Amino acid sequence: MTERIQDQVKEHFNFKLLHVDKHSKARAGIISTPHGDIPTPVFMPVGTHGAIKALQPNVLEDMDTKIILSNTYHLHLAPGSDLIKKAGGLHKFMNWPRPILTDSGGFQVFSLQKKSIKEEGAEFSDGKGKKVLLSPETSINIQQNLGSDIMMAFDECIPYPATREYTKNSMDRTHRWLDRCISTWNNPKQALFGIIQGSTYNDLREECIKELVARDLPGYAIGGVSVGEGAEWMEKIISFAAPLMPVDKPRYAMGIGNPEDLFMLWENGIDMSDCIIPTKFARGGTLFTSRGKMRIRHRNYRRDFYPIDHSCSCYTCKNFTRAYIKHLFDSNEILGQILATTHNIAFYKGLAEGARVAILEDRFMDYKKEFFTHYAKDSGDSGNDDNSDD
RNA sequence: GUGGCUGUAGUUCAGUCGGUAGAGCAUCGGAUUGUGAUUCCGAGUGUCGUGGGUUCAAGCCCCAUCAGCCACC
């Protein structure tokens, strides 16, 4: 009698819940994977094409980034997962020795304008006139070629708003897809996470969680959020779904969020999250600080010789001024994006680390309160330009 | 000295038959939530070289003048 893959994977992947905050649902734990341990809560930077844009892997390691996210869809289109397998897997290909989570491509299908979703899978054009079919089987096979530590099930991520009928039908199909994902899954060194759908309908979310838990997967994610529903709905969905998820498995909220969103996730007992915001915003010149967003291209920073964030100890803040970084952006120097990304990733990392320590000491709510007394959602530090030579 | 060309936004230029000015770049602002983002959206720039004239109305037509460039002497 052969052992189920769900049981085999437990030798290589597990989650240990260390502590739940006394005054909230916030959790601290540790995820073990073949490529290392991940203390939680954790924020995962996004490296879609097998690279965190503007950051060298050694910088990420120096910053003690524990896990990054990469993408099935993009790596399938280029350079192809067969090639990456030949290169020795994604870790080796991109020279990243630590854990990698790969998204299944479900979200990319969602964001494509032209697509056709059938029982078989999702069909779309690769943008160069070639038709591509992404199915549960192809998605898992690609992710197994990539060799990620955590694979995501291939799901349909539906837009907001969605009718109850569409949501229900789509969800049922995603469950059938999940079973096909599980049948294709054959590498016990790679964990497979299921994704909770159900849009804004609590009963469907609940039903979905039951279906997923019945499959006894290594971890579960809340999907179908950050699809345009807004902060209020997002919080409603998270706060409803998270407590229904298994206590002894990692809980992952996909694609969220802003710094303020992270506190909402953690407070509700989410362990993992990812978002393009810190990296993408950095490249556009929006930096995060303990006081809020800082748009470094603003004129105010022209002669501002303070670091981005006084309380930050990242490489950027230790060595460079706002005026210099603004200058780099004005001059279109790549270094501007590099320093900005370095800071934003360090900022997110710092928030998560602070949360973990606070949870372990049962003071997460104080930590949150402290954050929001300084953090202005709409505007941050307005700079120190003295205009003396105008 | 003579003839010609040019003069309009920070910049490069467009501006039809005369109807009180536009575009790219740059600037400034906003967006961005499992990255189809060096993207997307929005805003503003003006003594139309100057002074007169014709006209209901002039960036445009006429005269003068200034500046730059070119050609010829």
Side-chain angles (χ1 to χ4, degrees), chain A residues 43-54 67-78 100-115 124-128 130 132 134 139 143 148 150-160 193-197 219-231 233-235 237-238 252-262 264-265 270 272-286 288 293 295 297-302 326 329-334 336-338 340-341 344 348 377-379:
Chain A
F43 176 82
M44 306 183 284
V46 178
T48 300
H49 295 272
I52 307 294
K53 293 185 200 297
I67 176 170
I68 61 167
L69 182 147
S70 197
N71 207 282
T72 298
Y73 167 84
H74 300 268
L75 294 175
H76 173 58
L77 294 186
I100 299 175
L101 179 148
T102 44
D103 189 17
S104 64
F107 186 80
Q108 280 59 55
V109 171
F110 150 81
S111 60
L112 290 169
Q113 297 208 326
K114 277 187 170 179
K115 66 215 166 191
F124 49 89
S125 159
D126 68 353
K128 294 166 195 158
K130 217 172 117 189
V132 183
L134 210 50
S139 175
Q143 294 184 72
S148 53
I150 300 171
M151 305 186 289
M152 297 307 299
F154 186 68
D155 64 334
E156 184 189 359
C157 179
I158 61 174
Y160 170 87
F193 279 24
I195 303 175
I196 300 159
Q197 292 292 338
Y220 302 96
I222 300 175
V225 282
S226 61
V227 291
E229 75 278 14
W233 266 119
M234 191 185 281
E235 181 164 3
I237 295 167
I238 297 291
Y252 166 27
M254 305 186 78
I256 301 172
N258 285 304
E260 60 267 28
D261 296 332
L262 296 183
M264 181 275 287
L265 297 181
I270 293 293
M272 313 163 66
S273 59
D274 76 283
C275 192
I276 62 167
I277 282 180
T279 44
K280 190 171 190 171
F281 277 39
R283 277 174 282 124
T286 299
F288 293 98
K293 275 188 215 166
R295 297 195 173 88
R297 288 177 327 215
H298 280 202
R299 202 178 187 75
N300 304 11
Y301 303 117
R302 194 162 93 263
K326 169 175 167 51
F329 271 92
D330 288 347
S331 319
N332 242 320
E333 283 291 343
I334 298 167
Q337 300 191 331
I338 294 171
T341 304
N344 276 359
Y348 270 58
K377 202 174 150 190
D378 296 320
S379 64

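Proteins come first, then strands; the chains are lettered A, B, ... in the order of their sequence lines, and each starts at number 1. Computed from a predicted model, the values in this text were never measured in an experiment. Values below: all heavy atoms of this structure, side chains included; hydrogens, waters and symmetry mates excluded.
Nucleotides B/G68 and B/U8 have their C1' atoms positioned 16 Å apart, rounded to a whole Å. When the C1' atom is used for both B/C13 and B/C56, the distance is 32 Å, rounded to whole Å. Comparing the same atom, P, in B/U39 and in B/G24 gives a spacing of 15 Å after rounding to whole Å. For the C1' atom pair drawn from B/G10 and B/A64, the interatomic distance equals 31 Å after rounding to whole Å. Comparing the same atom, C1', in B/U65 and in B/G18 gives a spacing of 24 Å after rounding to whole Å. Between B/C69 and B/U16, the two C1' atoms lie 28 Å apart (nearest whole Å). A distance of about 48 Å separates the P atoms of B/U55 and B/C28, rounded to the whole Å. Taking atom P in both B/G59 and B/G49, the straight-line distance is 10 Å, to the nearest Å.
Judged purely by atom type and a 3.5 angstrom limit, A/Ser104 uses its side chain to pair as donor or acceptor with the backbone of A/Ala153. Here the side chain of A/Ser70 pairs a donor or acceptor atom with the backbone of A/Gly47 at under 3.5 angstrom. In this structure, the side chain of A/Ser331 does not engage the main chain of A/Glu333 through any donor-acceptor pair within 3.5 Å. Without hydrogens or angle criteria, A/Asn344 side chain to A/Lys280 main chain gives no donor-acceptor distance under 3.5 Å. Distance alone, capped at 3.5 Å, is enough to place a donor-acceptor pair between the A/Arg297 side chain and the A/Gly284 backbone. A donor-acceptor contact shorter than 3.5 Å is absent between the side chain of A/Thr72 and the backbone of A/Gly105.
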_Pairing string, 5' to 3', for RNA chain B - Watson-Crick or wobble contacts under 3.5 Å, brackets [ ] where pairs cross, | to another strand_ = (((((((..((((.....[..)))).(((((.......))))).....(((((..]....)))))))))))).
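Residues A/Phe124 and A/Tyr73 come closest through the heavy atom pair CE1-CE1, 3.3 Å.
In this structure, A/Asn258 reaches the bases: a heavy-atom distance under 4.0 Å links it to at least one base atom across the strands shown. Within the 4.0 angstrom heavy-atom criterion, base atoms lie near A/Gln197. Looking at heavy-atom distances under 4.0 Å, A/Gly106 makes no contact with the nucleic acid at all. At a threshold of 4.0 angstrom between heavy atoms, the contacts of A/Ser273 with the nucleic acid are absent. Among the atoms of the strands shown, only primed sugar atoms or phosphate atoms (P, OP1, OP2) are found under 4.0 Å from some heavy atom of A/Leu69.
Taking atom NE2 of residue A/His49 and atom P of nucleotide B/A37, one finds them 8 Å apart after rounding to whole Å. If you measure from atom CG of A/Asp155 to atom C1' of B/G34, you get 8 Å, rounded to the nearest angstrom. The distance from atom CD1 of A/Ile67 to atom P of B/G34 is 16 Å, rounded to the nearest whole Å. Nucleotide B/G34 holds its P atom 18 Å from the OH atom of A/Tyr160, rounded to whole Å. If you measure from atom CZ of A/Phe329 to atom P of B/U27, you get 13 Å, rounded to the nearest angstrom. Nucleotide B/G34 holds its C1' atom 13 Å from the CD1 atom of A/Ile150, rounded to whole Å. Between the C1' atom of B/U38 and the CG atom of A/Asp330 lies a distance of 15 Å, rounded to the nearest Å. The separation between A/Arg297 atom CZ and B/U27 atom P is 9 Å, rounded to whole Å.
Of the candidates B/G36, B/G34, B/A37, the closest approach to any side-chain atom of A/Ser111 belongs to B/G36. The side chain of A/Leu112 sits closest to B/G36 out of B/A37, B/G36, B/G34. Distance from the side chain of A/Phe281 is smallest for B/U32 among the nucleotides B/G36, B/U38, B/U32. The A/His74 side chain lies nearest to B/U35 when the options are B/G34, B/U35, B/U32. Closest to the A/Arg283 side chain, of the nucleotides B/A37, B/G34, B/G36, is B/A37.
Listed pair A/Gln108 / B/G34 fails the phosphate criterion, with no side-chain N or O lying under 4.0 Å from OP1 or OP2. Put simply, A/His298 has a side-chain N or O that comes within less than 4.0 Å of OP1 or OP2 on B/G30. One finds no side-chain N or O of A/Gln337 lying less than 4.0 angstrom from the OP1 or OP2 phosphate oxygen of B/U38. Of the side-chain N and O atoms in A/Arg295, one or more sit less than 4.0 angstrom from OP1 or OP2 of B/G30.
For A/Asn71 against B/G34, a side-chain-to-base donor-acceptor contact under 3.5 Å is absent.
Between A/His74 and A/His49, the ring planes are perpendicular. Angles over 60° get that label, and only those under 30° would be called parallel. Taking the six-membered ring where the residue is Trp, A/Tyr348 and A/Phe288 present perpendicular rings, their angle passing 60° and hence far from 30°.
Contact check for A/Trp233 versus A/Val225: no side-chain heavy atoms found under the 4.5 Å cut-off.
Both A/Gly105 and A/Ile334 lie close to RNA chain B; mapped to their nearest nucleotides by heavy-atom distance, the more 5′-ward contact belongs to A/Gly105.
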